[in-house]
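Following: one structure in structure tokens, then a few remarks.
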Amino acid sequence: MKYKRICLIVLDSVGIGELPDAPRFGDAGSHTLGHIAERVPALRLPNLERLGLGAIAPLHGIEAARHPQAYYGKMAEVSVGKDTMTGHWEIMGLKVATPFNVFPEGFPMELIERFEKETGRKVIGNKPASGTDILVELGEEQMKTGAWIVYTSADSVFQLAAHEEVIPLGELYLGCEIARKLTLEDPYAVGRVIARPYVGKPGAFVRTPNRHDYAVKPPAPTVMNLLKDAGRDVIAVGKINDIFDGEGVTKATPTKSNLDGIHKTLELLDHDFEGLLFTNLVDFDSLYGHRRDPEGYARALNEFDEWLPKLMEKTGPEDLLIITADHGNDPVHPGTDHTREYVPLLVYSPSLQEPSSLGIRATFSDLGATVADNFGAGSTGNGNSFLQQLK
Ligand SMILES: O=P(O)(O)O[C@H]1O[C@H](CO)[C@@H](O)[C@H]1O
Ligand SMILES: [Mn+2]
Ligand SMILES: [Mn+2]
């Protein structure tokens with residue numbers, strides 16, 4: 001065991017430029033970090049810059065450090081998707097070869113009818129939509145009729161929106177469990193069912209942090225399962241537990257925001273453990289990427305950058321701090337969906353002598369392979385470990 005604790009932070013959707021196959025996903029020219037830096041020329045990320053962020057790709061206002069404090073590079077996604085589950089599963093050693101089903105025309109009527117029958121409420125919506133736009137369109141109708149708002153996106157998601165004062169949270173979660181049961185397998189096989197509660201009055205609806213995700217289980221053991229089976233700790237912060245449906249997790253903490261996720265990560269680093277601390281910071285994606293808000297996205301990046309020194313401080317010589325992402329979500333790209341991009345890779349420990357480039361990794365799974373390698377936990381069969389390169 002080279003490192004005792006590995007703290008892996010996924011900045012959800014913080015991509016670093018189009019992948020060669022981006023045109024196939026409608027994402028030619030996408031560049032989440034690059035376009036934010038261009039749109040918000042005042043953006044400075046001095047701490048990520050010190051680690052080597054600007055050495056991965058040219059970014060306006062962020063220099064390429066001459067002596068980066070972290071190993072740096074970028075990783076390509078080989079799986080056939082650009083959603084959160086696919087990205088995280090690939091990071092943890094799986095290659096998703098069959099895409100999840102998507103529903104650009106909405107869900108088949110027979111599924112909707114079964115859902116209505118089992119829940120005792122009607123469905124309105126049933127189409128791809130932005131989660132905030134659909135509330136503007138249908139929130140008032142839901143308040144009047146008590147019907148479910150069902151919507152999807154370019155991802156494989158069955159999203160169920162409900163006003164907390166019209167359909168109580170408990171009933172919303174029950175509705176999601178019913179939807180989960182109905183869509184678990186073919187012919188629907190939906191990646192995720194998501195509870196989307198909101199509050200407020202027409203014209204001023206706001207979504208609450210009581211969102212809850214019901215994912216399918218990863219189709220094979222991931223690096224997290226390998227670690228858990230090898231007796232290591234696998235601590236999940238934020239959405240991680242949902243994304244893996246609890247598989248391979250030994251302890252989980254949900255979060256309310258990026259800042260909450262950073263605080264919880266810092267707190268966990270104060271305790272002794274041996275294994276992986278795996279954090280997802282989702283605000284980048286849900287509050288700014290999907291909302292096509294480059295200014296908000298820049299502020300969130302800035303906030304993470306300000307807390308980074310604290311995270312580095314708590315990373316001891318026997319620890320590794322790894323920062324990456326799961327896909328892109330370029331706030332300047334047309335539409336409101338994810339973008340098919342490389343993700344950044346920064347690997348820091350105060351014990352590293354002269355960090356240099358890790359190059360372009362052929363798959364996100366190189367990261368998982370490195371984690372498994374470090375703990376002598378075996379292999380999922382995907383990815384090449386870069387552990388020996390870290391000196
Ligand atoms: O527009 P909202 O509701 O935020 O939905 C987004 O969030 C979903 C899950 O991450 C994505 O599939 C996308 O549809
Ligand atoms: Mn994501
Ligand atoms: Mn998303």
Side-chain angles (χ1 to χ4, degrees), residues 8-16 25 27 30 32 75 77 79 81-92 96 99-104 106-107 125-139 149-162 172 176 179 183 190-198 205-216 238-244 255 258 261 278-293 296-297 300 324-331 333 335-344 364:
L8 169 56
I9 303 183
V10 171
L11 311 179
D12 202 301
S13 89
V14 180
I16 193 152
F25 291 78
D27 298 332
S30 57
T32 301
M75 305 195 292
E77 183 160 26
S79 297
K82 52 174 178 174
D83 60 279
T84 290
M85 285 164 61
T86 304
H88 283 77
W89 289 1
E90 184 168 320
I91 290 171
M92 282 296 128
V96 180
F100 291 114
N101 290 328
V102 289
F103 301 87
F107 297 99
N126 189 29
K127 59 181 178 184
S130 140
T132 44
D133 291 352
I134 198 111
L135 299 185
V136 174
E137 186 189 333
L138 298 175
I149 296 172
V150 171
Y151 70 103
T152 185
S153 75
D155 294 340
S156 183
V157 287
F158 184 108
Q159 309 198 79
L160 201 52
L172 171 61
C176 286
T183 60
V190 177
R192 257 187 307 167
V193 172
I194 313 181
R196 297 301 206 137
Y198 66 99
F205 292 129
V206 277
R207 299 198 286 186
T208 72
N210 296 319
R211 165 182 172 161
H212 191 62
D213 294 42
Y214 304 73
V216 289
K239 267 174 36 158
I240 298 297
N241 190 55
D242 285 341
I243 293 166
F244 291 88
T255 56
N258 275 4
F278 193 0
T279 297
N280 170 286
L281 302 179
V282 74
D283 291 356
F284 299 110
D285 178 73
S286 60
L287 297 185
Y288 310 113
H290 286 296
R291 306 285 83 82
R292 294 301 189 250
D293 175 0
Y297 209 134
T324 190
D326 56 339
H327 50 74
N329 199 344
D330 182 346
H333 196 73
T336 61
D337 289 312
H338 298 166
T339 43
R340 177 85 170 169
E341 295 184 47
Y342 287 103
V343 297
F364 294 1

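Values below: all heavy atoms of this structure, side chains included; hydrogens, waters and symmetry mates excluded. Atoms within each ligand, like the ligands themselves, are counted from 1 in listed order.
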Please answer whether the main-chain N or O of [Y] pairs with a side-chain N or O of [X] as donor and acceptor at a distance below 3.5 Å.
{"X": "T339", "Y": "N329", "answer": "yes"}
{"X": "N280", "Y": "G238", "answer": "no"}
{"X": "R292", "Y": "H333", "answer": "yes"}
{"X": "S79", "Y": "G81", "answer": "no"}

* Measuring to the Mn ion (ligand 3), does H290 have an N/O/S atom at a distance below 2.8 Å? -> yes
* Asked: Any N/O/S of D155 under 2.8 Å from the Mn ion (ligand 3)?
  -> no
* Asked: Looking at the Mn ion (ligand 2), is one of the N, O or S atoms of H327 less than 2.8 Å from it?
  -> yes
* Write down the atom of A129, the atom of Y151, and the distance for their closest heavy-atom approach. => O-CD1, 3.5 Å
* Asked: For D326, what is the atom name of its N, O or S atom nearest to the Mn ion (ligand 2)?
  -> OD2
* **the Mn ion (ligand 2): angle it makes with OD1 (D12) and OG1 (T84), nearest 10 degrees** =>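 Angle OD1(D12)-the Mn ion (ligand 2)-OG1(T84): 140°, rounded to 10°.
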* **Donor on one side chain, acceptor on other, D285 and H338, under 3.5 Å** =>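 Yes.
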* Asked: Do you see a donor-acceptor pair shorter than 3.5 Å between the side chains of T86 and E77?
  -> no
* the Mn ion (ligand 3): angle it makes with OD2 (D285) and NE2 (H338), nearest 10 degrees -> 130°
* The single option from H290, R196, R291, E137 passing side chain to side chain contact (heavy atoms under 4.5 Å, CB included) against T132 -> R291
* Asked: Which one of D12, V14, V10, D83 satisfies the side chain to side chain contact (heavy atoms under 4.5 Å, CB included) criterion with H327?
  -> D12
* To do: Kindly tell me which protein residues have any non-hydrogen atom under 4.0 angstrom away from an atom of ligand 1, grouped by chain and ordered by number?
  => S130, G131, Y151, S153, D155, V157, Q159, R192, I194, R196, R207, R211, H290, R291
